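Here is the structure we will look at, set down as structure tokens.
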Amino acid sequence: MSETNPIWFDPTLCLIGGKWVPAQSGETLPLVNPSDGSAICQIARGGAADIDAAVQAAQAAMDGDWGRMTALERGRIITRIGQLVLDYADRLAVLEAMDVGKPLTQARADAIALARYCEFYGGAADKVHGQTIPFMEGYTVYTLREPHGVTGHIVPWNYPMQIIGRSVGAALTMGNAAVLKPAEEACLTALAFAHIAMEAGLPAGALNVVPGIGAEAGAALTAHPGIHHISFTGSVPTGILVQTAAAKNVVPVTLELGGKSPQLVFDDADLDAALPFLVNAGCQNAGQTCSASSRILVQRGVYDEVKRRMAEAYAAITVGPAMEDLRMGPLISARQKEIVSGFLAKGADLTIAAQGEVVGHAPAEGAYLCPTLFADVPGDHALARDEIFGPVQVLIPFDTEEEAVQIANSTDYGLVASIWSRDGSRQMRLAKKLHAGQVFINNYGAAGGVELPFGGVGKSGHGREKGFEALYGFSQLKTVAAYHG
Ligand code: NDP
């Protein structure tokens, strides 16, 4: 690599059993910079044979030094990885900006979040306790939390670092050995993370990384009989394929499949506090966020004011190359731009309240799209029900609390929701009524907080990652009942 090349490692290799090796087929895939359509580098096109080698290497790690480590020792290594991630944060941010099109500030925030996951989980490693259970006379009964074994991790392109932190970080902490298949469109920070983990002293085989195409490497991973748990983040159709493959091996899965997350703004809301959250939760990462708040439900008394103020905020959004660190970068790819443009076409019958602006000098080959705010959208319109995964938000007016809940709960998804109101009783009432895995009151987290359990209901998926729940999810409970008379 040249001195000016921000990629400090060979990106064409897979990490298997502590060694960096090419895909057995020798084939590679191009990685494209969505800011200008240029080729960044080649990555390995891993396939079934590489996945098989990675699973075997992971199993060998489980049977070897890694499997024998104490929780304290594992925790120290994970914590050390977090410290190194902080040292590398600026370089990781550049990689993510190039690869995903994320403005530098957002990319750096993801690197810091990855470090936080490692710090949180590293510190928690020796604090996951079993229980003693009162039982019949003459017995002592207790539970042990044990690793599943070899865990498979399929990570999408929108938040590679954060999703690796929350799933791989937790799995390693509990003593599993991981095989990671990053997204073919964004895998530089996954490879960089693996280099950092090795530098921090993670034993060979504890983490294996096989880049490749979903239908090849991904499908081989989910079908492999040596995998004992699968964590998947991505689309609903692919999640169904993953769960089906896992069912054939009777293996547990965690699915995080996106959403159509609403924010409910009531007449008594503090609008000054709400406004930045309303807009940012839809525009962060160009709306390509599983927990993006793509629906803003507003009570009639403040509807016009919210519409006006959100429109002003939208008009001020500038979109351009990730390295220029504007408010918004390009979408991940021309393909994603096409998907989102298709949704915009479905909104031809709607009123556009405001759009942001793509800077004039943005390269024509970049995947740029103006962020768009639609107003007065009926709750049953396609744009109000389907996940768009782009910088598009809809404003939906409502009259009563009951109506707001009915609209909020009317999609197939249930990931995140928020309530903006000063009425404490309403806050508590709605926190229970809203179909969502996370409910925020007078704030919006977009899955924020490594400490906070996260996951969905309905088609948003099942299982929880983040917080201590992830550590429970990446382990299995063994009950020991000892009869001693
Ligand atoms: P996918 O769900 O297809 O991809 C997510 C991950 O799954 C990628 O690593 C992908 O590999 C892998 N994958 C693809 N097919 C298989 C398979 N048969 N078996 C195992 N793994 C597989 O999403 P896309 O990238 O195609 O994006 C399409 C839509 O999905 C978006 O518009 C958005 O709506 C949604 N999405 C949701 C995300 C979320 O955070 N919930 C994240 C990303 C997308 P690869 O891409 O490398 O080939």
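Computed from a predicted model, the values in this text were never measured in an experiment. Both ligands and their constituent atoms are indexed starting at 1 by order of listing.
- Among the atoms of I154, none of the N or O lies under 3.5 angstrom from an N or O of ligand 1.
- When only modelled atom types and interatomic distance are considered, H224 and D52 share a side-chain donor-acceptor pair under 3.5 Å.
- F389 CZ, 3.3 Å is the protein heavy atom nearest to atom 38 (C) of ligand 1.
- Here the protein heavy atom with the shortest distance to atom 32 (O) of ligand 1 is Q336 NE2, 3.0 Å.
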Problem set entry | Verdict with supporting geometry, E199 and I81, side-chain contact (heavy atoms from CB on, under 4.5 Å) | CA-CA 8 Å; E199 190 181 333; I81 296 174; over 6 Å; no

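- For the pair G212 and ligand 1, a heavy-atom separation below 4.0 Å is found.
- For atom 10 (C) of ligand 1, the nearest non-hydrogen atom from the set K181, H153, E184 belongs to K181.
- Closest to atom 29 (C) of ligand 1, if we only count protein heavy atoms, is S235 CB, 4.0 Å.
- Ligand 1 has a nitrogen or oxygen under 3.5 angstrom from a nitrogen or oxygen of T238.
- Close contacts of ligand 1 with W157, meaning ligand atoms under 4.0 Å from a residue heavy atom, involve 24 (P), 25 (O), 27 (O).
- Summarising the local packing, CD of E338 is surrounded by 12 or fewer heavy atoms from other residues, nucleotides or ligands at distances under 6.0 Å.
- The distance from the CG atom of N208 to the CG atom of D50 is 11.5 Å, given to the nearest 0.5 Å.
- Applying the 4.0 Å criterion to heavy atoms of T233 picks out, from ligand 1, the atoms 5 (C), 39 (C), 40 (O).
- Taking each heavy atom of D99 and I40 in turn, the nearest pair found is CA-CD1, 3.9 Å.
- Per-residue contacts place G258 under 4.0 angstrom from the following atoms of ligand 1 (heavy atoms of the residue considered): 41 (N).
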Identify every side-chain donor-acceptor pair in residues 320-334 under 3.5 Å, counting partners at least two apart or on other chains, and give the distances.
{"from": "E324", "atom 1": "OE1", "to": "H361", "atom 2": "NE2", "distance (Å)": "2.9"}
{"from": "E324", "atom 1": "OE2", "to": "H361", "atom 2": "NE2", "distance (Å)": "3.0"}
{"from": "D325", "atom 1": "OD1", "to": "L104", "atom 2": "N", "distance (Å)": "3.1"}
{"from": "D325", "atom 1": "OD1", "to": "T105", "atom 2": "N", "distance (Å)": "2.8"}
{"from": "D325", "atom 1": "OD1", "to": "T105", "atom 2": "OG1", "distance (Å)": "3.1"}
{"from": "D325", "atom 1": "OD2", "to": "T105", "atom 2": "OG1", "distance (Å)": "2.4"}
{"from": "S333", "atom 1": "OG", "to": "R335", "atom 2": "N", "distance (Å)": "3.4"}
{"from": "S333", "atom 1": "OG", "to": "Q336", "atom 2": "N", "distance (Å)": "3.0"}

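- Q243 and H462 form a side-chain donor-acceptor contact under 3.5 Å, judged by distance and modelled atom types alone.
- Considering I154, V155, L15 in turn, V155 is the only one that fulfils the side chain to side chain contact (heavy atoms under 4.5 Å, CB included) rule with L180.
- Distances from atom 43 (C) of ligand 1 to the heavy atoms of P156, P237, G239, A215 put P156 nearest.
- Ring-centre distance between H148 and H229: below the 6.0 Å cut-off.
- At least one N or O atom of N158, backbone or side chain, sits closer than 3.5 Å to an N or O atom of ligand 1.
- Rounding to the nearest 0.5 Å places SG of C118 at 10.0 Å from CG of L84.
- Remark: K181 fails to qualify as a cation-pi partner of F232 under the 6.0 Å distance and 45° angle criteria applied to the six-membered ring.
- Residue T222 places no N or O, backbone or side chain, under 3.5 Å from any N or O of ligand 1.
- V150 is not listed as a side-chain neighbour of N176, based on a closest heavy-atom distance of 4.5 Å or more.
- When R335, E185, Q162 are checked for heavy-atom proximity to atom 27 (O) of ligand 1, R335 turns out nearest.
- Between K307 and D376 there is a salt bridge, with a side-chain nitrogen of the basic residue lying less than 4.0 Å from a carboxylate oxygen of the acidic one.
- Of all the heavy atoms of I388, none lies under 4.0 Å from any atom of ligand 1, so neither backbone nor side chain is involved.
- Close N/O approach between V155 and ligand 1 is found [any backbone or side-chain N/O within under 3.5 Å].
- Within ligand 1, counting atoms from 1 as listed, the ones closer than 4.0 Å to a heavy atom of I213 are 48 (O).
- Nearest non-hydrogen protein atom to atom 20 (C) of ligand 1 is G218 C, 3.3 Å.
- Residue-ligand proximity, E387 to ligand 1, at heavy-atom distances under 4.0 Å covers atoms 34 (O).
- In this structure, T372 contributes its side chain and C370 its backbone to a donor-acceptor pair below 3.5 Å.
- Atoms of ligand 1 found under 4.0 Å from any heavy atom of L241 (numbered from 1 in listed order, with element): 18 (N).
- Remark: ligand 1 and I163 share no N or O pair separated by less than 3.5 Å (distance only, no angle test).
- In this structure, Y159 does not count as a contact residue of ligand 1, since none of its heavy atoms falls inside 4.0 Å of the ligand.
- In summary, the atoms of ligand 1 found under 4.0 Å from a heavy atom of E256, numbered by their order in the structure, are 41 (N).
- Checked against the 6.0 Å centroid threshold, F440 and W420 do not count as a close aromatic pair.
- Within 4.0 Å of atom 4 (O) of ligand 1, not a single protein heavy atom is present.
- Between G214 and ligand 1, at least one N/O pair is under 3.5 Å apart.
- Ligand-side atoms of ligand 1 in range of A183: 9 (O), 47 (O), range being under 4.0 angstrom from any heavy atom.
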